[in-house]
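A, B, ... follow the sequence lines: proteins, then strands. Residue 1 opens every chain. Excluded from the calculations below are hydrogen atoms, water molecules and symmetry mates; all remaining heavy atoms, backbone and side chain alike, are included. Computed from a prediction, not measured in an experiment: that's the story for all the values here.
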Amino acid sequence: MQYRPTEIEPKWQQRWAEARVADVNVESDAQAPGSKLYMLNMFPYPSGDLHVGHGRNYILGDAVYRYYRMQGRAALNPMGWDAFGLPAENAAIKRQIHPRTWTLGNIERMKAQFARWGILYDWSKEIASCEPEYYHWNQWLFLQLYKRGLAYRGTAPVNWCPQDLTVLANEQVVDGRCERCGALVEQRELSQWFFRITEYADRLDAGLDTLTDWPEKVKLMQRNWIGKSRGTDVEFPVPYLGHPIRVFTTRPDTIFGATFMVLAPEHPDVQKLIEGAEYREEIEAWITTVRNQSALERQEAGKEGRPTGKTAINPFTNEEIPIWLGNFVLPQYGTGALMAVPAHDERDFAFATQYGLPIRSVIKLTSGDEPELPFTAKDETGVAANSGPIDGLPVPQAIDRIIAIIEERGIGKGLVRYRLRDWLISRQRYWGTPIPMIYCDQDGLVPVPEEQLPVSLPLDVPFTGREGNPLSKHEAFVNVACPQCGAAAKRETDTMDTFVDSSWYFLRFITPRDDQKIFDRKLVDKWLPVDQYIGGIEHAILHLLYARFVTRTLHDMGLISFEEPFTRLFNQGVITKEGYKDASGSWVPLNEVEHRDGKPYRGEEALFAEVTKMSKSRFNVVPPDELIARYGADTERVYTLFIAPPEKEAAWSDEGVVGAFRFLGRVWHMGLGVANGASGDVPAAVTRKMHQTIDAVTSRIERFEFNTAISALMELSNLLGEHAGANIREAYEALLKMLHPFAPHMTEELWSMLGNEGFLLTAKWPVADSALMQEDTVVIAVQVNGKLRGQVEVAAPASEEKVKEAVSGNEKIQNWVAGKQIVKQIYVPGKLLNIVVK
RNA sequence: GCCCCCGUGGCGGAAUCGGUAGACGCUACGGACUUAAAAUCCGUUGUCCCGUGAGGGGCGUGCCGGUUCGAGUCCGGCCGGGGGCACCA
């Protein structure tokens, strides 16, 4: 009987679905302590068709899920849809399909694809963030944050498209132009909604230390993003203003070298300072130019500045130092003002050189020599010089000492600052959660009362792609009575960043249909935090940081008892494939490409192959349907996990797929033999290999080393092939069990073919007996002076005496030692003997 | 510029603690089966040298050096590739 996956797979998919094998009762399941396991794949944006690259993520999660099921864990594995977002709106504009219709259609297609891969989710917990039953609680969360001062309205510079009359996300700005209409994007100060994530900067940073099962790389990226730095604020008196200007510095030890001061053009004291300046109009024009530049343009312009003509007093040297304006000073970091120490800072040095400002070195090398400027090292290699009370102190001590002096004098304070900025959540977009706020002429900003939630997103809006957010044109939505005074008022028409939706969805899976509250505290505390979170590295910063932030705010509201939402995190790598470019660099559709002498051509034109992430626009996606029709989902699953370590990028190879198919075919045919196979003695080699394999596969799955777990199963299968006539039934069944997470359909079929009852999914994972793993004999490699000179074989367990006896009886090895004196013998138990001779 | 990660056959990769480098798979080549092809199965496959042969020997994990009886693995310095942040004072 041939191995025909297309006949087997739909049958088992249907049976698992009918038996609802993945459904969890959150109240009654997982009673025993330690039995609950919350598995979660990051919920996807429903963009439509899934390719084999997407498959890696979900197949991986399903393999882990099935493994834990077989280990007897009560595993919850839900799935949902991050269903708000721009692509749906763009599709609506382009094709006049409603975003909701488009989104729900995509969800159906993707669900069907998950089923064809044999992936088991608890669909009774399904959520879609675009539905009122979900975004109701998004709005509720917003109101709680608003109540606690963690959501606020403030102004921020944003990307503004003057033609489409809308704000654009940074990703929608390509080379300074609007992605859709090509107009030059402007920077505008607009009133926007923010979440005060900066209030949690220190806790988000410190919490990273507790995440021992997160990849170091992700923690590092978050740490850099939060950008903690220790330093001090210092006040520099400004006689002209009558009040001092405060600067932030991480190098207060260099304050004796501060020879000028630079303010951001946005600094609040700037208008006063340039009063009566000689070229005031020119300076104002320059300020306007700088403020309208995007961050990128501002940086590319190089360092530019203007003197204000006013001075500040260096509080340590008591010298008058000039106050400049500079485009390189960031208004949103520190105080928007800095003391410039050109001798010991690259940027200050460049600025001072450009404008002829004084440079004074205040650090010497430990040797006493003058360092080459700018000298910026912050360690013991430098010693303070020309610096009064800190003269002679190494830099680290000088920093501590000068901060103490600054604090004693009451002109500043040592503190920690972060580069993390508040989270801008406003979007002037239709397809998102409406922000539940109302503008009343009398009462100002009024939150929508909780009992009036959800503020429903109206579905009857036109999609023109022009004139900004269609919500603001929807009279019935916009016009509302003020909840406080009843007078005519206007609704907020901004919607929320979709990262808000995904910042807490993992909490909603426990009670997705509850229309009374966001979640049930008792059940959430039972099932969370998420034990195993799986998703792409592209979410290493934003999504994971926002989820950690929101979880902490809920903790502080007393709604949950934990602060970190994800205990163990895994980021899988992308799958790449060759695509083809022509000489002009455009991607060429696959059906126009022919290979001659192994090189790609289109007609007579030579093409260039390039390996990239799969993408429709590069014509290098592998759709799973054809693959499944030919080889089956089990083959795709095994190949996908075998191809490379799962966290690494992997190149798809059509030939490689065949290897996985052949392996499954061999296991299939072997099963037919086992079904009517021999009884009698089990070969010792088979028993040994079985226990070794159980041991290896178990620990490798736990460590997410699926590629080597599968290679261990291939080794066992190869050995069973050599013993095909013998009694190998026990080992073969163990092989099926261990193969189940990777090839669930075929193993279920074989399991029932061997006459077993029930699903293999719920069969018990085999346990290795370490006594039966041992070899009968141990081969000892003998090295003389570090060179391999022979082997001896002794009965296990090998003792030093047995090995030495065997060595002395081995003529060949003795020849190498002959005539020399043995000075040392090193015996590594079970492995190696090394004889050192002279 | 700063920070992080990675360099092993023709390819993807393996080597848990420093202990016989190249498991497992792909490709390629040779063979079996077949009228033929596909599929399947068997064998060879790091490299050089000696030997008709069984077999034996040298070299080999980006480069240079160090530690060690022994280094893909540890340490120092280079070279190459990838990623993150990017005027954060």
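- Nucleotides B/G1 and B/C49 are separated by 46 Å at their P atoms, to the nearest Å.
- Counted by atom type alone, A/Asp695 and A/Ser770 present zero donor-acceptor pairs between their side chains at under 3.5 Å.
- The nearest whole Å value for the distance from the CG atom in A/Leu415 to the C1' atom in B/A89 is 13 Å.
- Scanning for side chain to side chain contact (heavy atoms under 4.5 Å, CB included) contacts around A/Ala398 gives A/Asp253, A/Ala384, A/Ile390, A/Leu393, with sequence neighbours left out.
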So which protein N/O to nucleotides 81-84 of chain B N/O distances come out below 3.5 Å?
none

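- Heavy-atom minimum distance, A/Ile197 versus A/Asp422: N-OD1, 3.2 Å.
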Under 3.5 Å, side-chain donor or acceptor atoms of residues 709-722 of chain A against the rest of the protein: list the pairs with distances, not counting sequence neighbours.
residue  : atom : partner  : partner atom : Å
A/Ser711 : OG   : A/Thr708 : O            : 3.0
A/Glu715 : OE1  : A/Lys689 : NZ           : 2.9
A/Asn718 : ND2  : A/Met714 : O            : 3.4

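- For the strand RNA chain B, secondary-structure stems (runs of at least three Watson-Crick or G-U pairs, all distances below 3.5 Å) span B:1-7 with B:79-85, B:10-12 with B:24-26, B:28-32 with B:40-44, B:46-50 with B:55-59, B:62-66 with B:74-78.
- Spacing between atom CD of A/Glu649 and atom P of B/G12 amounts to 12 Å, rounded to whole angstrom units.
- Taking atom C1' on both B/G65 and B/A71, the two are 14 Å apart, rounded to the nearest angstrom.
- Distance from the side chain of A/Trp225 is smallest to B/C85 among B/C85, B/A89, B/C4.
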(request) Summarise how protein sits on nucleotides 24-31 of chain B as a single string, 5' to 3': B when a protein heavy atom is under 4.0 Å from the base, S for sugar-phosphate-only contact, - for no contact. (result) BSSS----
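- Nucleotides B/G19 and B/C75 place their P atoms 15 Å apart, quoted to the nearest Å.
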Side chains of residues 254-267 of chain A: which donor-acceptor pairs under 3.5 Å do they make with residues two or more places apart or in other chains?
residue  : atom : partner  : partner atom : Å
A/Thr254 : OG1  : A/Arg251 : O            : 2.8
A/Thr259 : OG1  : A/Pro358 : O            : 2.7
A/Glu266 : OE1  : A/Arg298 : NH2          : 3.4
A/Glu266 : OE2  : A/Arg298 : NH1          : 2.8
A/His267 : ND1  : A/Asp269 : N            : 3.1

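- Going from atom CD of A/Glu722 over to atom C1' of B/C42 covers 12 Å, rounded to whole Å.
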Show me the donor-acceptor pairs within less than 3.5 Å that the side chains of residues 654-674 of chain A make with the rest of the protein, sequence neighbours left out.
residue  : atom : partner  : partner atom : Å
A/Asp654 : OD1  : A/Trp652 : NE1          : 3.2
A/Trp668 : NE1  : A/Met1   : O            : 3.2
A/Trp668 : NE1  : A/Gln2   : O            : 3.4

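- Annotation: the span from A/Leu357 atom CG to A/Asp348 atom CG amounts to 10.0 Å, rounded to 0.5 Å.
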Donor-acceptor contacts, no H, no angles, side chain residues 324-333 of chain A, under 3.5 Å, sequence neighbours left out:
residue  : atom : partner  : partner atom : Å
A/Asn327 : OD1  : A/Glu304 : N            : 2.9
A/Asn327 : ND2  : A/Gly302 : O            : 2.7
A/Tyr333 : OH   : A/Ser229 : OG           : 3.0

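- For the atom pair CE (A/Met738) and CD1 (A/Ile694), the distance works out to 5.0 Å, reported to the nearest 0.5 Å.
- Judged by closest nucleotide on RNA chain B, A/Leu220 is the one of A/Leu220 and A/Met339 placed further toward the 5' end.
- Rounding to whole angstrom units, CG of residue A/Leu545 and P of B/C85 are separated by 13 Å.
- Summarising the geometry of A/Ala650 relative to A/Arg56, their closest heavy-atom pair is CB-NH2, 3.9 Å, with the distance given to 0.1 Å.
- With sequence neighbours excluded, no residue forms a ring pair (Phe, Tyr, Trp, His ring centres under 6.0 Å) with A/Phe642.
- Here the closest non-hydrogen pair linking A/Ile411 and A/Pro315 is CD1-CB, 3.9 Å.
- As rounded to the nearest Å, B/U8 and B/G77 have P atoms that lie 22 Å from one another.
- The CD1 atom of A/Ile403 sits 14 Å away from the C1' atom of B/A89 (whole-angstrom rounding).
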Using a cut-off of under 3.5 Å, enumerate the N/O to N/O pairs linking the protein to nucleotides 15-19 of chain B.
residue : atom : partner  : partner atom : Å
B/G19   : N2   : A/Asn834 : ND2          : 3.3

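- In this entry the distance linking CD of A/Gln332 with C1' of B/A89 reads 13 Å, nearest Å.
- For residues 214-223 of chain A, the side chain to side chain donor-acceptor pair (under 3.5 Å) pairs, not counting sequence neighbours, are A/Asp209-A/Arg223, A/Glu216-A/Lys219, A/Gln222-A/Arg548.
- One P atom belongs to B/C11, the other to B/A23, and the distance between them is 15 Å to the nearest Å.
- Closest heavy-atom contact between A/Gly536 and A/Gln572: N-OE1, 3.6 Å.
- One interatomic measurement links the two molecules: CD of A/Glu346 to P of B/A86, which rounds to 19 Å at whole-angstrom precision.
- The minimum heavy-atom distance between A/Ile363 and A/Gly382, with the atom names listed, is CG2-CA, 3.7 Å.
- Heavy atoms only, all atoms of each residue included: A/Gly334 and A/Phe248 are closest at CA-CB, 4.3 Å.
- Following rounding to the nearest Å, A/Lys378 (NZ) and B/C2 (C1') show an atom-to-atom distance of 14 Å.
- A gap of 40 Å separates the C1' atoms of B/G82 and B/G30, to the nearest Å.
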Close N or O pairs between protein and nucleotides 54-60 of chain B (under 3.5 Å):
residue : atom : partner  : partner atom : Å
B/G58   : OP1  : A/Arg789 : NH1          : 3.3

